[in-house]
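First the proteins, then the strands, lettered A, B, ... as listed; each starts at 1.
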There are 2 protein chains.
Amino acid sequence: MSERECKELTLSATAKFLKKHDDFIILTHSSPDGDTLGSAYALYYGLKEIGKTAQVLCPDLIPQKYSYFAVKTDHITSDSPTVVSVDVADEKLLGALEDNFKGKIVLAIDHHISNTRFADNLLLDSSASAACEIIYELLGALKVNINDVTAKALYTGIATDTGCFKYSNVTAKTHTIASELFEYNIDAAEINRLMFDTKSKRLLQLERMVLDTAEYHFDDKCIVLTVTDKMQEETGCSGPDLEGIAIISRSVEGVIAGITIKQTGDNSFKISLRTINPLDASEICKTLGGGGHKGAAGATVEGTLEEVKEKILAAVKTGMEKANVWASADK
Amino acid sequence: MSERECKELTLSATAKFLKKHDDFIILTHSSPDGDTLGSAYALYYGLKEIGKTAQVLCPDLIPQKYSYFAVKTDHITSDSPTVVSVDVADEKLLGALEDNFKGKIVLAIDHHISNTRFADNLLLDSSASAACEIIYELLGALKVNINDVTAKALYTGIATDTGCFKYSNVTAKTHTIASELFEYNIDAAEINRLMFDTKSKRLLQLERMVLDTAEYHFDDKCIVLTVTDKMQEETGCSGPDLEGIAIISRSVEGVIAGITIKQTGDNSFKISLRTINPLDASEICKTLGGGGHKGAAGATVEGTLEEVKEKILAAVKTGMEKANVWASADK
């Protein structure tokens with residue numbers, strides 16, 4: 001397949017582009033999060049302010065918790081709507097909407113450096129912690145009035161993509177924008193409670209079961225947590241619920257290798273490894289045929305639970321020896 | 001006892017005051033947290049920059065995790081040092097240092113509206129999310145250079161007192177200051193990992209035990225968690241470790257009354273109640289002889305665990321009926 005030409009736009013060129021068109025379809029990525037939704041709805045509100053019609057389309061059901069800004073949008077009937085994607089790094093991430101919109105996206109607004117340049121035009125700022133940072137600046141370039149709901153949508157995207165300003169993607173600009181959004185009536189504390197301090201009963205139940213499996217190794221520098229099929233069935237937890245478990249594994253004081261082993265089939269397990277300097281999760285997982293980043297990587301390994309555990313522990317041990325983490329401690 | 005006269009100072013008057021004196025003792029409150037320590041050390045670094053000598057005194061051991069800014073300070077030998085307290089709302093909170101310094105504090109820098117005005121002079125800003133916000137502005141008024149370590153100390157205080165910008169005490173100014181601190185080399189993500197994503201092995205073990213006790217009541221609108229003497233003994237968890245447990249109780253989706261019952265004696269239990277609007281934790285706990293705030297309150301109740309549980313559940317039920325929380329749901 002030949003690659004389409006993708007033109008990178010500046011903020012002001014993007015603002016001009018939006019002003020020139022009238023009927024917009026705004027696409028989010030599948031398994032929608034606060035940033036893709038916040039971006040889509042903030043852009044929707046902005047376009048409404050300058051007299052356009054716009055419809056937000058999300059490939060999946062929008063979780064109830066975003067209902068304070070994710071409202072009913074226009075129904076676009078135009079034969080040739082202007083299709084814009086927000087926070088979508090690759091057309092594949094359009095999920096159920098991919099077939100309908102593949103090759104038809106005229107503008108992508110994104111902050112992922114890995115954006116595959118699938119759109120005719122691209123507004124990309126990979127230094128932005130969230131796509132909502134870019135949308136905020138775009139609304140500024142469009143000179144539209146931001147209302148409280150728009151500010152809530154933008155704040156939600158920034159807060160969720162940064163773990164509430166906790167992660168390394170936060171910059172001075174992130175806080176400056178947050179400060180400006182506080183000029184509106186956003187009730188950030190309530191947004192944060194909904195986004196960060198609310199977990200499902202089933203997840204709490206799963207956490208309890210998983211904590212029961214905790215095993216420490218290598219002078220407590222390594223913890224192993226296990227999620228079996230049975231636990232997933234009993235609690236009804238799946239995909240997104242399980243993300244948080246891997247985070248627990250790295251949160252224990254003194255632990256530099258947090259291993260989560262999740263059963264994916266009768267004889268198949270997915271390993272998530274979270275590490276702390278100087279340990280390199282990506283290198284360790286590569287030895288098992290997987291990969292990832294320095295601090296977080298994964299691999300799929302076949303075998304019984306005991307066999308899989310042995311393999312990852314051996315790989316972690318080798319990684320620890322290589323990184324010389326015992327140099328200053330008793331072995 | 002007659003009340004001492006306490007003079008409220010402005011920022012610039014406080015800066016002038018500090019310039020006029022030479023040898024400082026800076027006091028933190030007991031059970032030191034990121035804000036009292038961040039304030040003390042940032043003030044220490046600032047005073048050093050303008051050629052003063054200063055010693056930070058903390059009533060308790062300073063936890064290891066603050067060592068990236070909490071260094072060895074001067075040893076003050078002056079007979080009449082200038083004693084300054086930071087983030088101390090009441091002389092009682094000086095703990096082991098109270099006897100030595102009661103009535104001798106000439107300047108208190110604080111953000112608690114409840115400050116008991118124990119010092120000769122007071123720089124108070126109750127709109128500040130953290131005392132570190134005030135110290136940041138004070139260093140500005142003193143026109144001292146902020147270095148990376150000072151910026152780390154200030155960021156730590158602001159981040160810890162706001163739950164990493166999560167709570168309702170955050171203002172536009174909080175984010176503006178954070179943005180300015182990001183101009184320094186503070187590695188905020190690493191600070192946040194240390195402050196928020198690191199829990200002790202013993203706490204993880206306690207959480208596991210406590211989650212095993214989870215009981216749901218009133219259509220899952222209420223959860224009860226129990227911490228027994230035995231659990232505290234087995235895990236070695238105490239005081240500060242237990243704070244986090246009450247937070248878990250309110251984090252479950254749909255729960256508006258999170259109850260934590262902690263054994264404090266053979267026949268005595270401390271109840272922590274966390275509620276969500278419209279339920280009033282303070283009113284409910286008052287009926288059991290306790291008190292607190294609308295969202296978080298407590299009471300000490302005598303009896304067996306079963307008796308205590310019955311009492312608090314009855315009180316919560318009455319509170320729910322009063323707040324009419326079943327109005328739109330099945331009873």
*Asks:* Answer yes or no: is there an ion pair linking D197(B) with R250(A), defined by an N-O contact shorter than 4.0 Å?
*Replies:*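 The answer is no: the pair does not qualify as a salt bridge.
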*Asks:* Return the CG to CD distance between L194(A) and E253(B), rounded to the nearest 0.5 Å.
*Replies:*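 Reported to 0.5 Å precision, the distance equals 9.5 Å.
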*Asks:* Mind listing the closest non-hydrogen atom pair of N192(A) and K166(B) along with its distance?
*Replies:*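 Closest approach of N192(A) to K166(B): ND2-O, 3.2 Å.
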*Asks:* Should L211(B) and L204(A) count as side-chain neighbours, where that means a heavy-atom distance under 4.5 Å?
*Replies:*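 A side-chain contact exists here, since the closest heavy-atom pair is under 4.5 Å.
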*Asks:* Sort I223(A) into side chain, backbone, both or neither according to what part of it lies under 4.5 angstrom from a heavy atom of chain B.
*Replies:*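 For I223(A), side-chain heavy atoms alone lie under 4.5 Å from chain B.
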*Asks:* Let me know if F165(A) has heavy atoms under 4.5 Å from chain B in its side chain, its backbone, both or neither.
*Replies:*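 Both backbone and side chain.
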*Asks:* Give, as side chain, backbone, both or neither, the part of Y184(B) having an atom under 4.5 angstrom from any heavy atom of chain A.
*Replies:*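 Contact with chain A is absent: no heavy atom of Y184(B) under 4.5 Å.
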*Asks:* Select, from D187(A), L181(A), T176(A), the one with the greatest count of heavy-atom pairs under 4.5 Å involving chain B.
*Replies:*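 Between D187(A), L181(A), T176(A), the count favours T176(A).
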*Asks:* Given that the side chain runs from C-beta out, which part of N277(B) has a heavy atom under 4.5 Å from chain A: side chain, backbone, both or neither?
*Replies:*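 No part of it gets close to chain A.
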*Asks:* Taking R193(A), M195(A), M209(A) one by one, which has the highest count of heavy-atom pairs under 4.5 Å against chain B?
*Replies:*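 Looking at each of R193(A), M195(A), M209(A) in turn, R193(A) comes out on top.
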*Asks:* Tell me, side chain or backbone of I248(A) under 4.5 Å from chain B's heavy atoms, or both, or neither?
*Replies:*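 For I248(A), the contact with chain B is made by the side chain alone.
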*Asks:* For H175(B), does its backbone N or O pair with a side-chain atom of S179(A) as donor and acceptor, under 3.5 Å?
*Replies:*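 No, the answer is negative, given that no donor and acceptor are paired below the 3.5 Å cut-off.
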*Asks:* Measuring heavy-atom distances to chain B, does I276(A) have an atom under 4.5 Å in its side chain, in its backbone, in both, or in neither?
*Replies:*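 The side chain, not the backbone.
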*Asks:* Which one of N169(B), T171(B), I177(B), T162(B) has the most heavy-atom pairs closer than 4.5 Å to chain A?
*Replies:*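 Highest number of heavy-atom pairs under 4.5 Å: T171(B).
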*Asks:* What part of L203(B) lies closer than 4.5 angstrom to a heavy atom of chain A: side chain, backbone, both or neither?
*Replies:*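 Interface part for L203(B): neither.
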*Asks:* List the atom of D220(B), the atom of K201(A), and the distance in Å for their closest heavy-atom pair.
*Replies:*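 Minimum heavy-atom contact is OD2-NZ, 2.9 Å.
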*Asks:* Against chain B, label T174(A) side chain, backbone, both or neither, depending on which of its atoms sit under 4.5 Å from a heavy atom there.
*Replies:*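 Contact with chain B: none, neither part.
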*Asks:* Out of G254(A), S168(A), C164(A), A188(A), return the one with the most heavy atom pairs under 4.5 angstrom to chain B.
*Replies:*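 Looking at each of G254(A), S168(A), C164(A), A188(A) in turn, C164(A) comes out on top.
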*Asks:* Indicate the atoms forming the closest heavy-atom contact of A189(A) with Y167(B), along with that distance.
*Replies:*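 Shortest heavy-atom contact: CB-C, 3.8 Å.
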